[in-house]
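One structure below.
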Amino acid sequence: MLSRLVLRAAPAALRSLPPPVAVGVLHTTRPLHTTQQSLAPLPPLPEKGGEVRYGLIPEEFFQFLYPKTGVTGPYMLGTGLLLYFLSKEIYVINHETVAAACILSVFIYGVKKYGSDVAAFADKLNEEKVAKALDVKNEAIKGLETAIEQEKKEQWRVEGRSYLFDAKRNNIAMLLETNYRERLLMVYNEVKKRLDYQVAMQNLKRQKEQDHMIQWVEKNVVQSITPQQVLAFLSLLYVLVYTNICCPVILARC
Amino acid sequence: GPLSERRLMDVRLGELPVWLATRNFSPQGLLGGLQKAWSSYYDKYINVKRGGPAGISMLLAGYCLLSYGWNYQHISK
């Protein structure tokens, strides 16, 4: 009885848990996509990076100093710092300075001369990547759209199911009708055969009775003819014949 | 907003010690701060469609300054 109570309470308890979601092979009971923020779709990348002046100092520094010192403020600050470092030997000028100057000049020359070409090449690579991804997306969309159309067509086809069933019903009705009529014909034939038999029996019986009666009557009549009657009839006949030699009417009649 | 959630640039000079007290200086906190700083720099200057030399040149300049600072003792002899 207690087990029955537990069994009844179990579904209610299970229903109060969040529904388990299978993610691949990992079974998690944490509901997914409950917050507003989701990882997809990502916002697009910004077109250009933050503004940087002379490739080294961000523009925000200049904007930060502009209200107090105007446009030339950061340059004065830079010059002052440079002279300070040089004079106090915080920055020491040695062979590395010359090397750094040469490297910097070559670097700047390279960037100035080939920068745009390299940028165009990189842009082309990016374009190809993006075009490929877009192609995949469009293909997927097209495939899904064709799938939707086919699905709609299938739904339309399903509507014709009623016609199919009507045709089948008609077929079955025809079969039943045919069968019924066959059996009706058979019954008719059988009954006719039996009735014909009865009729034939009666005819035969009457025929036989008639024949038998005729035979019996003839037999009795023949038996009942005595010899005196025969003599009397014969003599009458001879008389008539000899008298009719002179009277042909009776002969014609015979 | 409240002081503990503001970034360094939005904190006034007088509030700086108080703001520093609210920061998390445990290893995880420092690591998190480093991660945030790098990701903000990366998203602003490197992870763009049409970047320029500025992204890595600033990193290289910073590296130059740092290595000069480390080797200053040796250089200034």
Side-chain angles (χ1 to χ4, degrees), chain A residues 42-61 63-65 68 78 81-82 85-86 88-97 99-101 103-104 106-130 133, chain B residues 1-20 23-24 28 31-77:
Chain A
L42 282 175
L45 283 179
E47 278 290 324
K48 294 174 67 61
E51 282 286 322
V52 172
R53 219 187 268 208
Y54 299 114
L56 279 180
I57 304 161
E59 193 66 31
E60 279 87 3
F61 185 67
Q63 296 301 327
F64 178 66
L65 289 180
K68 289 286 194 270
L81 273 177
L82 189 64
F85 288 146
L86 280 174
K88 285 280 189 184
E89 285 263 308
I90 295 177
Y91 179 68
V92 178
I93 297 191
N94 48 8
H95 61 285
E96 284 178 17
T97 313
I103 291 174
L104 268 178
V106 166
F107 184 66
I108 291 174
Y109 173 74
V111 163
K112 282 271 188 287
K113 186 140 191 247
Y114 300 112
S116 50
D117 291 340
V118 169
F121 176 71
D123 281 344
K124 200 156 68 73
L125 288 179
N126 256 2
E127 275 284 324
E128 284 168 13
K129 270 193 240 175
V130 164
Chain B
L3 187 54
S4 57
E5 289 167 6
R6 273 190 252 169
R7 304 153 63 99
L8 177 56
M9 285 291 133
D10 299 332
V11 171
R12 293 207 180 82
L13 203 56
E15 297 167 351
L16 196 56
V18 184
W19 181 83
L20 275 177
R23 290 292 102 193
N24 181 15
Q28 292 97 327
L31 219 58
L34 205 65
Q35 176 79 8
K36 215 152 87 79
W38 166 252
S39 68
S40 57
Y41 176 82
Y42 182 75
D43 287 332
K44 183 154 185 209
Y45 291 107
I46 301 183
N47 199 14
V48 294
K49 275 192 205 159
R50 313 193 55 207
I56 40 169
S57 74
M58 279 202 279
L59 286 173
L60 289 174
Y63 169 70
C64 286
L65 286 175
L66 208 63
S67 61
Y68 185 83
W70 284 337
N71 292 336
Y72 182 67
Q73 293 286 13
H74 174 78
I75 291 178
S76 70
K77 272 209 281 270

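Chain identifiers are assigned alphabetically (A, B, ...) following the order of the sequence lines, protein sequences preceding nucleic acid strands; residue numbering begins at 1 within each chain.
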Item to check | Separation of B/L60 CG from A/L56 CG (nearest 0.5 Å) | outcome: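 That separation rounds to 9.5 Å.
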Checklist entry - So how far is it from A/L104 CG to B/C64 SG, rounded to the nearest 0.5 Å? => result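 Output value for this atom pair is 8.0 Å.
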Do you know the tightest heavy-atom contact between [X] and [Y]?
{"X": "B/K49", "Y": "A/N126", "answer": "O-ND2, 4.0 Å"}
{"X": "B/Y45", "Y": "A/V52", "answer": "CE2-CG2, 3.4 Å"}
{"X": "B/M58", "Y": "A/G55", "answer": "CG-O, 4.0 Å"}

Exceeds 12 heavy-atom contacts within 6.0 angstrom, atom [atom1] of [X]:
{"X": "B/I56", "atom1": "CD1", "value": "no"}
{"X": "B/Y72", "atom1": "OH", "value": "yes"}
{"X": "A/E128", "atom1": "CD", "value": "yes"}
{"X": "B/R23", "atom1": "CZ", "value": "yes"}

Checklist entry - Which answer fits A/F64, side chain, backbone, both or neither, if we ask what part of it has an atom under 4.5 Å from a heavy atom of chain B? => result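 Answer is neither: A/F64 stays 4.5 Å or more from chain B.
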Next on the checklist: For A/E60, which atoms come within 4.5 Å of any heavy atom of chain B: side chain, backbone, both, or neither?
Outcome noted: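 Contact with chain B is through the side chain of A/E60 alone.
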Checklist entry - Do you know which of A/P58, A/A100, A/A122 has the most heavy-atom pairs under 4.5 Å to chain B? => result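 Among A/P58, A/A100, A/A122, the one with the most close pairs to chain B is A/P58.
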Item to check | Leading residue by heavy atom contact count with chain B [cutoff under 4.5 Å; candidates A/E47, A/K48, A/E89] | outcome: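 The residue among A/E47, A/K48, A/E89 with the greatest pair count is A/E47.
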Item to check | Qualifying residue for side-chain contact (heavy atoms from CB on, under 4.5 Å) with A/P46, from B/V48, B/D43, B/N47 | outcome: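 Single pass found, and it is B/V48.
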Item to check | B/Y68 and A/V92: CA distance, side-chain angles, deciding distance, side chain to side chain contact (heavy atoms under 4.5 Å, CB included) verdict | outcome: CA-CA 10 Å; B/Y68 185 83; A/V92 178; 3.9 Å; yes
